[in-house]
Amino acid sequence: MVDMHLYAAFLVAAFALCVTPGPDMMFIVAMGGRGGPTAGVMAAFGVACAMLVHAVAAALGLSALFLALPTLYHVLRWAGAAYLLYLAVKAFRDRSVPGEEGEPAGAGMRRAFWQGAVTNLLNPKVILFNVAFLPQFVDPSLGHVRGQFLLLGATIVVMGFLWDGFVGLLAGRLAGLLRRSTRVNRALNVVSGTVFAGLAVRLVAAPK
């Protein structure tokens, strides 16, 4: 169904993209730093699920709408920035100590998952990335173009989750070693909030 030479080239390119620090990785590190190893991994899982949605949209041709409707691109961009700013404000105002909030563990895991998913889904650059990147490794002469898109999308989702999950786990564990005092815990929340705010500014300041 796919050209194996193209697929091999895709694996190399996808791996390079996955290990290169970017907005998603910074977000996952911040989530792991705030919520611990599980939050980091669940944020990575949320990002991976959102990437799968993007891949399916690209396969169906829906992502091309952003090329024809620039207004839709900008609306989504500002919505994503607003959501990141919301997360930044929450981090700056957070005075809780991990393990003492009285919140069920499952609720924190679900929240980390959805925050990762929503942040990625509201980033129109990810959609445009799929439009620009994936077609380079699709051979229309082999047929099953949608199937090729889905295979490529699923591959980069799995690779991304394995790497980002490891990064989130590591960030959470390192942060856990530092959370020995309220002051350090507060500092980690401020760092996380700064990362969220920086990602929001980046999203708005670099629209293309």
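Only this structure's heavy atoms are used, side chains among them; waters, hydrogens and symmetry mates stay out.
Distance check, rounded to the nearest 0.5 Å: CD of Q115 to CG of L84 gives 10.0 Å. Considering CE of M51 and CG of L121, their distance stands at 10.5 Å, rounded to 0.5 Å. Expressed to the nearest 0.5 Å, how far CG of L85 lies from CH2 of W78 amounts to 9.5 Å. Atom CG of D24 is separated from atom CG of L17 by 11.5 Å, given to the nearest 0.5 angstrom. For the atom pair T119 OG1 and F27 CZ, the distance stands at 3.5 Å (nearest 0.5 Å). Between atom CE of residue M31 and atom CG of residue L87 there is a gap of 7.0 Å, rounded to the nearest 0.5 Å.
Cluster annotation: F45 is not connected to V158 through the hydrophobic network of ILVMFWY side chains, with a link wherever side-chain heavy atoms come within less than 4.5 Å.
Within 6.0 Å of the CE atom in M159, the count of heavy atoms belonging to other residues, nucleotides or ligands exceeds 12. Environment of CZ in F10: crowded, with over 12 heavy atoms of neighbouring residues, nucleotides or ligands closer than 6.0 Å.
In this structure A171 satisfies the side chain to side chain contact (heavy atoms under 4.5 Å, CB included) test together with V29, sequence neighbours excluded.
Between F92 and T194 the shortest side-chain heavy-atom distance falls below 4.5 Å.
Between Y7 and F137, the ring centre distance reaches or exceeds 6.0 Å.
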